[in-house]
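Residue numbers start at 1 and run along the sequence shown.
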Amino acid sequence: MLKYTIKRLLQSLITILVVVTAVFLMMRMLPTDYYFTEEQVMKMTDEQKHDQLEAAGLLDPIPTQLVRFYGDLFRLNFGDSRRISVGVPVIKVISQRFTISMKLGCISLVFSLAIGVAIGILQARNKDRLLDHVGTAYTIFVNAVPSLVSYSLVLVFGARVLGLPSLYSSRNPTKGSILPIVCLALASIAHYALWTRRYMVDEMNKDYIKLARVKGMASKDIMTRHVLKNAFVPLVQYIPASFLLTIGGSLLVERFFSVPGMGPLLTDAINRYDTNVVQTCVLIYASLGIIGVFLGDVLMMLVDPRIKLTGGGSTR
C-alpha cells in the first residue's frame, strides 16, 4: 500500500509537470503583442513594449524562462494577472471564483450521489418493472439530449413555472444557485444510477447470491450484506474524481447561468491571452483530475482490502 501510494504520487506529480510545461511552451509561442491590451498596443511605442517584455523576463531564452517558471511554481508564486485583473495576484483572482464553484459543485455532488444511487438501487430491485423502465428512460434522455437543450428545459421550467432566477446573482446567491445546481446534477444522477444498477444486477446474477437464496437468507439481508456492498466497490473509484472535478466548476453550466466561477475563467483567460491565469488554471484542473484518479484507486482498495493494485496474482 505505501509503496504503491508513493509510486502513484510520483507518477501524478510528473504528469502534472508535463501538462503544465506543455501549456507554458505553447503560451510562449504566441506573438508578443498578445501580452498587451488593445489600448496599450495603440499607445505604447515599440521601445516601451520591448522594455516591459524585458522587465517581465519574456525576452529571455525559453530554457531560462522555464527554469524560472519551475522555481516560481515550487514556491507557489503564480504571478499577477496581465489582462483579466491587471496587477492582481492570480491566486486572488482564482480564489474568488473557486469558492463559488466549490459551493455549487459540492451541493450538486451530494444530491447526485444521494439521488443517483437511490434510483440505481430501486431499478436493480425492480428489474424489468415500471420503476426500472422509468429510470432507464431518464438515463437515455439525459445522455441522448444535448446538454444545452436539457439546460434550457430546466431554465424554462424553473424560471416560468417556479419563478426562480434565470441567472446567478451575488445579491441573492441562494435562489440563483438552484438552477445551476440542478443542471450540474442532471448528468451525474444518470451516471450514478446507471452504474449502481449495472453493478447490482451483475452481483445479483452471481452464484454466491443464488446460493444464499437457496440457503434461505432473507432478500433484505442479501441486498444489504452482499449485493449493495460489493456493487459499491467499483463505484467508489469514481467518487473522488467526480468530487474534485465538480468543485473545479463546469464551463457550460456556469456560462449558461452567468455564474462567476472557475468554469468561464479558463476560456476568458485564453481569449484574452492572460498567460499566468491560463497556466494556473491548467495546473489546478490537471491536479484535480490526476489526484482524483489516484484517490479513487486508493479508496477502492480501502473499501475492499481483497483488491491488490500492485504485485503478482490478482492485480488491477
Donor-acceptor check, side chain of Asn205 to backbone of Val201, threshold 3.5 angstrom: yes or no?
yes
Closest contact, heavy atoms only, Ser85 versus Val93
CB-CG2, 3.9 Å
Distance, nearest 0.5 Å, that separates OG1 of Thr267 from CZ of Arg272:
11.0 Å
Any non-hydrogen side-chain atom of Leu266 less than 4.5 Å from a side-chain atom of Ile270?
yes
Is there side-chain contact between Leu104 and Ser101, with heavy atoms separated by less than 4.5 Å?
no
So, does Thr196 use its side chain to make a donor-acceptor pair with the main chain of Ala193 at under 3.5 Å?
no
Check: Ser258 side chain, Glu254 main-chain N or O, donor-acceptor pair, under 3.5 Å
no
Working to the nearest 0.5 angstrom, can you tell me the gap between Ile181 CD1 and Ile178 CD1?
7.5 Å
Euclidean distance, Arg28 CZ relative to Leu25 CG, rounded to 0.5 Å:
8.5 Å
From CD1 (Ile14) to CD1 (Ile290), nearest 0.5 Å:
11.0 Å
Quick check: does any side chain N or O of Asn126 sit under 3.5 Å from a backbone N or O of Leu131, one acting as donor and the other as acceptor?
no
Transitive ILVMFWY side-chain link Phe111 to Phe157, under 4.5 Å:
yes
Phe257/Tyr168 aromatic ring centres below 6.0 Å
no
Give the C-alpha distance, both sets of side-chain angles, the deciding distance and a yes or no for side-chain contact (heavy atoms from CB on, under 4.5 Å) between Tyr70 and Thr21.
CA-CA 9 Å; Tyr70 288 151; Thr21 301; 2.7 Å; yes
For side-chain contact (heavy atoms from CB on, under 4.5 Å), just list the numbers for Met26 and Val282, CA-CA rounded to whole Å, side-chain angles, deciding distance to a tenth of an Å, and then say yes or no.
CA-CA 12 Å; Met26 287 189 289; Val282 170; over 6 Å; no
I want to check something: taking the side chain as every heavy atom from C-beta on, are Ile107 and Ser177 in contact at a cut-off of under 4.5 Å?
no
Run the side-chain donor-acceptor check on residues 53-62: report pairs under 3.5 Å with partners two or more places apart or on a different chain.
{"from": "Asp60", "atom 1": "OD2", "to": "Arg68", "atom 2": "NH1", "distance (Å)": "3.1"}
{"from": "Asp60", "atom 1": "OD2", "to": "Arg68", "atom 2": "NH2", "distance (Å)": "3.3"}

For Pro89 and Asp80, the nearest pair of non-hydrogen atoms, with its separation, is CA-OD1, 3.4 Å
Interatomic distance, Tyr199 atom OH to Leu194 atom CG [nearest 0.5 angstrom]:
9.0 Å
We want to know whether Arg197 and Thr136 form a side-chain donor-acceptor pair, criterion being a heavy-atom distance below 3.5 angstrom.
no
Do Leu66 and Phe24 have side-chain heavy atoms sitting under 4.5 Å apart?
yes
Please tabulate, one pair per line, all N/O donor-acceptor pairs under 3.5 Å involving side-chain atoms of residues 208-217, not counting sequence neighbours.
{"from": "Tyr208", "atom 1": "OH", "to": "Glu203", "atom 2": "OE1", "distance (Å)": "2.5"}
{"from": "Tyr208", "atom 1": "OH", "to": "Asn230", "atom 2": "ND2", "distance (Å)": "2.7"}

Which heavy atom of Ile94 sits nearest a heavy atom of Cys281, and at what distance?
CD1-SG, 4.2 Å
Val67-Leu76 co-clustered via ILVMFWY side chain contacts under 4.5 Å
no
Given the rule in the side-chain contact (heavy atoms from CB on, under 4.5 Å) test, do Phe78 and Leu73 qualify, once you have shown the distances and angles that lead to the verdict?
CA-CA 7 Å; Phe78 303 105; Leu73 187 63; 3.7 Å; yes
Kindly say whether Ile84 contributes a backbone atom to a donor-acceptor pair with the side chain of Asp274 at under 3.5 angstrom?
yes
Is any side-chain heavy atom of Asp268 less than 4.5 Å from a side-chain heavy atom of Arg255?
yes
Between Phe74 and Phe69, is there a shared hydrophobic cluster once you connect ILVMFWY residues whose side-chain heavy atoms come closer than 4.5 Å?
yes
If Ile, Leu, Val, Met, Phe, Trp and Tyr residues are connected whenever their side-chain heavy atoms lie under 4.5 Å apart, and connections chain through other members, are Val88 and Phe98 in the same group?
yes
Ion pair Arg129/Asp132, N-O distance below 4.0 Å
no
CA sep, side-chain torsions, deciding dist, call: Tyr151, Leu155, side-chain contact (heavy atoms from CB on, under 4.5 Å)
CA-CA 6 Å; Tyr151 297 164; Leu155 176 62; over 6 Å; no
Please report the shortest heavy-atom distance between Leu283 and Ile16, naming the atom on each side.
CD1-CG2, 3.5 Å
Assigning hydrophobic clusters by single linkage (Ile, Leu, Val, Met, Phe, Trp, Tyr; side-chain heavy-atom cutoff under 4.5 Å), is Val18 placed with Val20?
no
dist Arg125:CZ -> Met204:CE (nearest 0.5 Å) comes out at 8.5 Å
Please report the closest heavy-atom contact between Val259 and Pro180, naming both atoms and the distance.
CG2-CG, 4.1 Å
Ignoring hydrogens, what is the shortest heavy-atom contact between Ser152 and Phe256? Give both atom names and the distance.
OG-CZ, 3.8 Å
